[in-house]
Amino acid sequence: MATEAHTEEGSALVFHPLDQFIVKPLFGDGPVQWYTPTNVTLWMALAVLAIVALFVIGTRGRAIVPTRVQSVAEVMYGFVYKMIEDVTGHDGVKYFPYIMTLFLFILFGNFLGLLPKSFTTTSHIAVTAVLGFGVFFVVTAIGFIKHGFHFLGLFWMSDAPLILRPIIAIIEVISYFVRPVSHSIRLAGNIMAGHAVIKVFAGFAAIAAISPVSVAAITAIYGLEVLVAFIQAYVFTILTCVYLKDALHPGH
Amino acid sequence: MSTETTATDAAHGAAQVSACVNEHGSAIGMPQLCADWMPNQVFWLIVTLVVIFLVLSRIALPRIGAVLAERRGTITNDLAAAEELKQKAVEAEKAYNDALAAAKLEANKIVADARAAIQKELDAATATADAQISAKAAESEARISEIRAGAMEAVTEVAKDTAKELVAALGGKADARAVTSAVTARLKG
């Protein structure tokens with residue numbers, strides 16, 4: 001994919017739309033071991049710092065009448081809390097810190113990735129797959145712990161005609177196991193595609209004649225990406241809530 | 001620029017730090033699919049998630065939850081207090097209206113009493129005045145009739161005298177009795 005981009009048509013046009021996703025060690029040029037501090041580490045740490053700034057430093061006044069930063073934190077808290085309550089019901093609320101962690105990590109990963117020269121941690125399938133499969137395994141475990149064997153009733157439509165039930169069960173099982181894949185690829189794919197498109201338009205900016213069009217297109221796509229950054233965090237979170245609801249209330 | 005990558009791939013085996021980056025620092029294939037980098041990403045992701053989770057569950061979320069609960073409590077209390085004050089205001093208004101109605105009733109009673117008393121006095125005074133007036137009128141009438149009688153007598157006297165004088169003046173010898181009867185007859189007529 002990237003090798004195609006490397007075949008230059010002219011010396012002015014240089015496309016490396018995927019170079020922004022390269023993982024580099026922060027110090028030196030050594031190989032990337034599992035423990036090496038890399039740009040992944042840096043941008044995840046920045047997300048942590050931003051979350052701490054917003055949620056810990058911003059709320060340290062514990063004001064009844066909130067400051068601006070505190071009210072942003074409260075709005076995010078209320079947003080996710082209400083989402084869990086609406087989708088999973090009241091017994092889902094005890095998983096609130098976990099879901100909030102996922103939401104904030106993805107949200108800040110997406111938005112920090114929109115800064116120029118940044119590294120977008122959520123554009124990597126390795127990252128989103130850990131998130132997606134993590135949700136899958138945890139939710140499945142919760143389902144079996146809460147309901148034991150009855151959790152498999154999720155796949156057995158007792159209100160469908162008897163002949164159709166095995167077929168529906170097969171479809172349900174397949175769709176259940178596809179969930180983590182779509183869950184993680186949706187996020188990484190959206191973020192990666194948007195960033196790559198911006199980079200491609202940026203490559204065209206080198207040609208003076210079309211650079212105004214290119215800059216306008218970058219601006220437009222950037223606006224879209226701001227939207228996508230929030231929507232993908234929202235979608236990931238609400239799907240997590242839906243899966244959790246299936247685990248808590250497997251009856252249809 | 002990188003078309004010769006394949007040619008030099010083997011040559012810079014020592015310099016190349018990753019199978020996913022060529023000698024210009026550009027990506028070979030999708031960096032997302034580079035297996036060399038995945039353990040690193042997964043490791044730091046787990047560290048990050050654990051840190052975020054601890055920060056949120058230990059500090060941030062209980063704090064915000066407490067603030068929101070406190071605010072809700074304050075608002076509920078304020079609303080209850082406002083409701084109570086409103087109730088008090090309604091009660092006060094009712095008391096005021098009651099007092100006003102009682103005062104009005106009292107005032108009406110006082111006015112009626114005063115009016116009755118005045119009426120009584122007035123009636124008494126009127127009766128006295130009427131009695132006095134009728135007494136005075138009777139007295140005056142008596143006087144008037146007395147005066148009228150006196151006047152009649154005087155007129156007769158004067159007429160007789162005048163007639164006698166006139167007769168004397170005209171040279172006649174006045175017969176007193178004739179004159180008197182003539183005058184009397186005249187006066188009667």
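Note that the structure is a prediction, hence the values are computed from the model and not measured. Naming convention: chains lettered A, B, ... in sequence-line order (proteins, then strands); numbering from 1 in each chain.
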At a heavy-atom separation under 4.5 Å, does [X] approach chain B through its side chain, its backbone, both, or neither?
X: A:I22; answer: both
X: A:Q20; answer: neither
X: A:A129; answer: neither
X: A:E74; answer: both

Query raised in the report: Hey, is OH on A:Y35 packed in by over 12 heavy atoms from elsewhere, all under 6.0 Å?
Result: no
**Report entry** Enclosure of A:F201 CZ (heavy-atom neighbours >12, cutoff 6.0 Å)
**Finding:** no
Report task. Over all heavy atoms of both residues, which pair between B:P31 and A:H124 is shortest? Give the atoms and the distance, please. Result -> O-CE1, 3.9 Å
Report task. Could you pull out the closest heavy-atom pair between B:A27 and A:L18, with the gap in Å? Result -> CB-O, 4.3 Å
Report task. Find the one option among A:I51, A:T36, A:V40 whose heavy-atom pairs under 4.5 Å with chain B are most numerous. Result -> A:T36
Quick one: are [X] and [Y] in side-chain contact, heavy atoms under 4.5 Å?
X: A:Q33; Y: B:N40; value: no
X: A:M100; Y: B:I52; value: no
X: B:M38; Y: A:I125; value: yes

**Report entry** Close contacts, residues 229-238 of chain A versus chain B, judged by heavy atoms under 4.5 Å
**Finding:** none
Answer with side chain, backbone, both or neither: which region of [X] has an atom nearer than 4.5 Å to a non-hydrogen atom of chain A?
X: B:I59; result: side chain
X: B:L56; result: side chain
X: B:L45; result: both
X: B:T74; result: side chain

How many angstroms lie between [atom1] in [X] and [atom2] in [Y], if you round to the nearest 0.5 Å?
X: A:T121; Y: B:Q41; atom1: OG1; atom2: CD; result: 9.0 Å
X: B:L61; Y: A:F96; atom1: CG; atom2: CZ; result: 5.0 Å
X: B:I64; Y: A:Y77; atom1: CD1; atom2: OH; result: 7.0 Å
X: B:F43; Y: A:T38; atom1: CZ; atom2: OG1; result: 10.0 Å

Report task. Output every pair passing side-chain hydrogen bond (donor to acceptor under 3.5 Å, both in side chains) with a member in residues 91-118 of chain A, not counting sequence neighbours, ordered by first then second residue. Result -> A:D91-A:H249, A:N110-A:T122
Is the side chain of [X] donor-acceptor paired with the backbone N or O of [Y] at a distance under 3.5 Å, no angle test?
X: B:R71; Y: A:I64; result: yes
X: B:R63; Y: A:V56; result: yes
X: B:D36; Y: A:V32; result: no
X: B:W44; Y: A:L42; result: no
X: B:Q32; Y: A:S123; result: yes

